[in-house]
Participant: 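Okay, here's the structure, questions in a sec.
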Amino acid sequence: MSDPRHTRKRDVRARMARTGENYTTAHAALQRQLGRSARAQDAPATPAPTNDELYLLINQFLHLQGHLRGPAWTEVDKAAYATSRVLLDGLTSLYTGAMLTTVRVRVELTDTAHPCASDRSGELPAYARRPGPLEVEFQIHQHTEGSGAAYGCEFGADLDRLMIVLALYGGAMRVHPLHLTGPDEPSRFQRAPGR
């Protein structure tokens with residue numbers, strides 16, 4: 001039986017030869033692939049959250065903070081709102097000028113369910129009761145002139161609420177804007193540098 005470390009090194013070197021990546025980048029890419037395939041086998045795909053589900057996630061988190069911190073829960077609420085504004089402003093600055101932007105949000109959900117006679121908000125969605133993150137992907141596209149709004153977002157729920165959930169629970173947001181390469185080449189796209 002072969003040593004798994006040797007197999008991993010062989011796979012990394014093969015990827016390096018194929019892609020031209022350095023060892024660290026190739027290793028990280030293979031680890032992500034392994035993680036994705038393991039998660040895909042363990043859990044079904046998470047549907048995009050609805051407005052009601054996002055509201056429930058926010059409400060449950062803040063309700064639990066009320067039990068843990070008392071009146072200081074309002075400071076958590078204020079900080080999450082301020083952070084969500086920073087996230088939205090950053091997202092806006094990244095997609096402005098891009099023809100199409102892919103956004104991936106990963107929220108590290110934690111179980112916020114707790115016994116409380118006064119909580120009438122309802123049960124958390126199934127994806128929030130199992131271990132693992134909530135992962136959402138959507139696109140923001142540029143509209144043509146004269147169509148009303150400058151950009152359209154393909155995320156069905158309230159983007160503000162998603163950013164508040166991200167600010168409360170923690171996680172990451174990856175933004176990949178695509179820009180035209182030049183005015184003479186309207187059909188060719190490239191990734192924005194450094195993103």
Participant: Using the rule that two of Ile, Leu, Val, Met, Phe, Trp, Tyr join whenever any of their side-chain heavy atoms come within less than 4.5 Å, decide whether L64 and L168 are in one cluster.
Facilitator: no

Participant: How about P125 and L56: do any of their side-chain heavy atoms sit closer than 4.5 Å?
Facilitator: yes

Participant: Give the C-alpha distance, both sets of side-chain angles, the deciding distance and a yes or no for side chain to side chain contact (heavy atoms under 4.5 Å, CB included) between M99 and L178.
Facilitator: CA-CA 6 Å; M99 294 297 293; L178 296 171; 5.6 Å; no

Participant: Assess whether side chain to side chain contact (heavy atoms under 4.5 Å, CB included) is satisfied between Q139 and V103, documenting all intermediate values.
Facilitator: CA-CA 6 Å; Q139 294 186 332; V103 181; over 6 Å; no

Participant: What is the distance from atom CG of L159 to atom CG of L54, rounded to the nearest 0.5 Å?
Facilitator: 9.5 Å

Participant: Sort out for me which residue in L100, T96, L91 forms a side-chain contact (heavy atoms from CB on, under 4.5 Å) with I140.
Facilitator: L91

Participant: Is there a donor-acceptor contact under 3.5 Å from the side chain of D158 to the main chain of N51?
Facilitator: no

Participant: Sub-3.5 Å donor-acceptor pair from the side chain of Y127 to the main-chain atoms of L109, do we have one?
Facilitator: no

Participant: Does any part of the side chain of L68, heavy atoms only, come nearer than 4.5 Å to the side chain of Q65, both counted from C-beta?
Facilitator: yes

Participant: For the CD atom of E135 and the CD atom of E108, what is their distance to the nearest 0.5 Å?
Facilitator: 8.0 Å

Participant: Quick check: does any side chain N or O of T101 sit under 3.5 Å from a backbone N or O of A98, one acting as donor and the other as acceptor?
Facilitator: no

Participant: Are any non-hydrogen side-chain atoms of P49 and L134 less than 4.5 angstrom apart?
Facilitator: yes

Participant: Can you find a side-chain donor-acceptor pair between Q142 and Y95 that sits under 3.5 Å?
Facilitator: no

Participant: Start with the C-alpha gap between M173 and V175, add the side-chain angles, then the distance that decides, and say whether side chain to side chain contact (heavy atoms under 4.5 Å, CB included) holds.
Facilitator: CA-CA 7 Å; M173 177 171 55; V175 181; 4.0 Å; yes

Participant: What distance separates L62 CG from H67 NE2, expressed to the nearest 0.5 Å?
Facilitator: 11.5 Å

Participant: Rounded to the nearest 0.5 Å, what's the gap from CZ on R10 to CZ on R13? Could you check?
Facilitator: 11.5 Å

Participant: In the single-linkage hydrophobic clustering (I, L, V, M, F, W, Y; side-chain heavy atoms under 4.5 Å), do L166 and V86 co-cluster?
Facilitator: no

Participant: To the nearest 0.5 angstrom, please state how far the CG atom of D77 sits from the CZ atom of F61.
Facilitator: 10.5 Å

Participant: Do the non-hydrogen side-chain atoms of L162 and F138 ever get within less than 4.5 Å of each other?
Facilitator: yes

Participant: If you take all heavy atoms of D52 and R161, which pair is closest and at what distance?
Facilitator: N-NH1, 4.4 Å

Participant: Do E154 and H141 make a side-chain contact, defined as non-hydrogen atoms from C-beta onward lying under 4.5 Å apart?
Facilitator: yes

Participant: Could you give the distance from CZ (R174) to CD (E137), rounded to the nearest 0.5 Å?
Facilitator: 11.0 Å

Participant: Just wondering, are more than 12 heavy atoms of other shown residues or ligands nearer than 6.0 Å to CZ in R85?
Facilitator: yes

Participant: Would you indicate whether the side-chain heavy atoms of R69 and E75 approach each other to under 4.5 Å?
Facilitator: no

Participant: Between Y169 and I58, is there a donor-acceptor pair closer than 3.5 Å when you use the side chain of the first and the backbone of the second?
Facilitator: no

Participant: Side chain of E53, backbone of T50: donor and acceptor closer than 3.5 Å?
Facilitator: yes

Participant: Determine whether a donor-acceptor pair (N or O, by modelled atom type, separation under 3.5 Å) exists between the side chain of R106 and the backbone of P133.
Facilitator: no

Participant: If you count heavy atoms of other groups shown closer than 6.0 angstrom to OH of Y81, is the number above 12?
Facilitator: no

